[in-house]
Structure formats: C-alpha cells, structure tokens
Amino acid sequence: RPVGDFYRFDLKTDENAPTGTWNADVVLGGSTFRKPLKIEAVKPNRLKIDLTFGEEAFVEGPTLKGDLSAQWLHGASAAGMRAEVMLTLSPGVTRFSRSADHIFDDPTRSIKPEQRTVFGGTLDPNGKAHFEESVSVEDAPGFLTAHFKTRVFEAGGDFSVSQRSAP
C-alpha cells in the first residue's frame, strides 16, 4: 500500500546469512529495478580512539603530523594493539569572509578522492603512537577536506573505528 508516492518493503535475511552487499530486485511491469543494500552485523566500539593534529597540520606544508591514542572504555590503555589511519581527500569549498561572493575554486582542476594509509603500526605500552607522513596533492581545485578513518584492532581480530573530517 503506497503512502503518497512511496512504497514500504519489509525485507529479512536469514539469521546466519553473511554480511555484505545484497541486491533487491523489484520487477514492475516490464522494468526491473536493482538497489544494492548493505547488510552488516553491527558491533559497538569497545575502544575509545583519539586522533589529534597540530593546529596548522594541513597548512604548513606536505607533512602531516598526528598523534593517536586508544584505550578500552573502562580506562585501560590499548597497549601493543595494531592500528591504522586512512586518509581520503575530497574537494571542499574555498571561501574567504572578506570575499564571500567570489568563487575561488578552479573549475579546470579536479581531484579524485582516493584512500591512502597515513599510519599503520603498533601502539606503544601507553596505547599511543605519533606519526608523520608526506601528503602531497597536485592540481587541487581549491580547499580540500580530509576524511580520516582510524581502526584499532583487538588481538582476536575485532576492531573499533573512529571517523572524523577536517578542512
């Protein structure tokens, strides 16, 4: 039964079905519509992850300097755990308050977002790590937005994840 122009479909997978991308195929007359659906088992984070940078991390040149720390939610450090920090750069909007009506982004340039590892290693006995990574970008159209995805892995293979973005 539609509600306005919307139809509701209640779908269920088997309890033991694998997670991943499933496809919902809807046949309407002679047309078939396919919608990929993400079916995931969600586990809450068991570790608190903190990723910090210096104030001018993205302005002073091509070197990104970061500090990573992780601890269990009960307060113990995540000593010796494997961690990784992934960076994806995407176009941002270049604006300055003095010239708010001017467009500073260069329409002849583009950047294709691609993920790269800026840290991959083991946390020290205090659950901390410092990293420096060269990050260079050519032909950026203007300001960029940095998206960070940090994962810290438990000994059994489970991991906690943290995400943040910064201009």
Side-chain angles (χ1 to χ4, degrees), residues 13 17-24 33-73 77-124 126-167:
T13 60
T19 61
T21 304
W22 289 59
N23 290 313
F33 302 92
R34 175 171 278 190
K35 173 70 177 169
L37 302 171
K38 293 283 187 190
I39 308 296
E40 302 289 339
V42 178
K43 277 185 144 177
N45 281 346
R46 295 169 15 138
L47 298 166
K48 178 183 177 191
I49 301 170
D50 190 25
L51 181 64
T52 58
F53 303 99
E55 290 182 22
E56 302 295 324
F58 307 112
V59 179
E60 284 190 5
T63 302
L64 174 67
K65 298 177 183 180
D67 291 299
L68 172 63
S69 66
Q71 64 182 19
W72 291 97
L73 292 180
S77 76
M81 291 190 177
R82 186 171 60 90
E84 66 180 21
V85 179
M86 306 298 286
L87 167 66
T88 304
L89 295 173
S90 63
V93 178
T94 308
R95 296 285 182 259
F96 298 98
S97 58
R98 290 182 52 184
S99 303
D101 59 341
H102 186 78
I103 298 172
F104 289 94
D105 296 308
D106 185 348
T108 64
R109 295 182 182 184
S110 65
I111 182 171
K112 183 176 181 180
E114 77 181 42
Q115 193 175 59
R116 62 180 100 170
T117 302
V118 293
F119 173 76
T122 304
L123 301 178
D124 70 13
N126 297 316
K128 299 180 184 234
H130 175 78
F131 61 91
E132 295 185 17
E133 182 70 23
S134 176
V135 178
S136 61
V137 179
E138 295 184 24
D139 295 329
F143 284 163
L144 300 175
T145 300
H147 305 278
F148 295 95
K149 179 178 180 180
T150 306
R151 297 192 305 177
V152 178
F153 296 86
E154 298 174 25
D158 287 342
F159 60 88
S160 291
V161 65
S162 174
Q163 297 187 44
R164 72 177 278 206
S165 296

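If you read the sequence from its start, that first residue is 1, and numbering goes on from there. Since the structure is predicted, the reported quantities are computational estimates derived from the model, not experimental observations.
To the nearest 0.5 Å, atoms CZ (R116) and CG (L87) are separated by 5.5 Å. Between the OG atom in S162 and the CG atom in D50 there is a gap of 8.0 Å [rounded to 0.5 Å]. With rounding to the nearest 0.5 angstrom, the OG1 atom of T21 is 3.0 Å from the NZ atom of K38. Note that CD of Q163 is 11.5 Å distant from CE of M86, once rounded to the nearest 0.5 Å. Summarising the geometry, atom CD belonging to E40 is positioned 5.0 Å from atom OG1 belonging to T19; distances are rounded to the nearest 0.5 Å. Rounding to the nearest 0.5 Å places OG1 of T13 at 5.5 Å from CD1 of I39.
For N23 against P36, the heavy-atom pair with the smallest separation is OD1-CA, 3.6 Å. Pairing each heavy atom of A83 with each of F119, the nearest pair is O-CE2, 3.8 Å. Nearest heavy-atom pair, S165 versus T145, reported as atom, atom and distance to 0.1 Å: CB-CG2, 4.2 Å. Across all their heavy atoms, L144 and P91 have their closest contact at CD2-CA, 4.0 Å.
In this structure, the side chains of F153 and E84 come closer than 4.5 Å at one or more pairs of heavy atoms. Looking at heavy atoms from C-beta onward, L51 lies in side-chain contact with V85 at the 4.5 angstrom threshold. You'll find the side chain of K149 reaches within 4.5 Å of the side chain of V161, heavy atoms only. With contacts defined as side-chain heavy-atom distances shorter than 4.5 Å, the pair L68/L123 qualifies. Between R151 and I49, the closest side-chain pair of non-hydrogen atoms is not below 4.5 Å. Contact check for V118 versus F131: side-chain heavy atoms found under the 4.5 Å cut-off. Proximity of M81 to L47: side-chain heavy atoms (C-beta onward) are separated by under 4.5 Å at one or more points.
For the pair S160 (side chain) and N45 (backbone), a donor-acceptor distance under 3.5 Å is absent. Formation of a donor-acceptor pair under 3.5 Å by the H130 side chain with backbone atoms of G66 is found in this model. Of the possible donor and acceptor atoms, none in the side chain of R46 sits under 3.5 Å from a partner among the backbone N and O of W72.
Looking at S69 and K128, their side chains never bring a donor and an acceptor atom within 3.5 Å of each other.
Taking the six-membered ring wherever Trp is involved, the centroid distance between the rings of F53 and F148 falls below 6.0 Å.
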